[in-house]
Amino acid sequence: MKELNDTPQTAKRRAREKRTVSQMIALYCMGNHDASARTERAVCGELVCPECAALDAYAALRTDRCRKMDVKTSCEQCGNHCYKPEMRERVRAVMRYAGPRMLTKHPVAALRHLLGK
């Protein structure tokens with residue numbers, strides 16, 4: 001894989017986006033999967049089930065490899081979709097569930113995500 005040469009600002013944004021998506025996946029897992037199944041650590045550090053851990057790792061990898069991080073506002077509006085269609089649908093389901101809950105659990109991350117900053 002070609003090494004991405006991020007500016008400090010882009011690297012910070014990339015890390016923040018990975019953390020925010022990971023927090024959303026952790027919220028989704030907490031609300032939809034049994035607590036005893038949560039044996040893995042997400043990128044954000046919270047416990048998730050193996051299925052959600054795989055989605056979290058995939059999302060983090062796609063974020064690491066995104067070539068348009070410096071100019072895009074959201075993955076949905078990007079002309080170059082990095083996610084496979086099946087995984088995109090899974091992330092959409094996670095965001096539909098976790099999005100409203102992010103406002104109470106992680107309000108700053110939620111607002112930054114909504115504003116695309």
Test salt bridge (Lys or Arg N to Asp or Glu O under 4.0 Å) applied to D6 and K12, R14, R67, the passing residue
R14
Minimum-distance pair of heavy atoms, taken over all atoms of C29 and C49:
SG-N, 3.2 Å
Heavy-atom closest pair (A37 atom, P50 atom, distance to 0.1 Å) is O-CD, 3.4 Å
Within the side chain of [X], is there an N or O that forms a donor-acceptor pair under 3.5 Å with the backbone of [Y]?
| X | Y | value |
| --- | --- | --- |
| R62 | C82 | yes |
| T63 | A59 | yes |
| D56 | V43 | yes |
| N32 | Y28 | yes |
| R101 | Y97 | yes |

Roughly how far, to the nearest 0.5 Å, is the [atom2] atom of [Y] from the [atom1] atom of [X]?
| X | Y | atom1 | atom2 | answer |
| --- | --- | --- | --- | --- |
| L47 | H33 | CG | NE2 | 14.5 Å |
| H106 | C44 | NE2 | SG | 6.5 Å |
| M69 | E17 | CE | CD | 4.0 Å |

Could you check whether any side-chain heavy atom of [X] comes within less than 4.5 Å of a side-chain heavy atom of [Y], counting everything from C-beta outward?
| X | Y | value |
| --- | --- | --- |
| L27 | K105 | yes |
| R19 | Q23 | yes |
| E40 | E46 | no |

Mind running side-chain contact (heavy atoms from CB on, under 4.5 Å) on R90 and K84 for me, showing each step along the way?
CA-CA 10 Å; R90 288 179 60 192; K84 294 177 186 174; over 6 Å; no
Carefully, step by step, assess R38 and M30 under the rule side-chain contact (heavy atoms from CB on, under 4.5 Å).
CA-CA 8 Å; R38 294 195 294 269; M30 190 183 322; 4.2 Å; yes
For T39, give me all partners under side chain to side chain donor-acceptor pair (under 3.5 Å), at least two apart in sequence or on another chain.
none
ILVMFWY cluster, V48 and V94 together (side-chain gap under 4.5 Å)
no
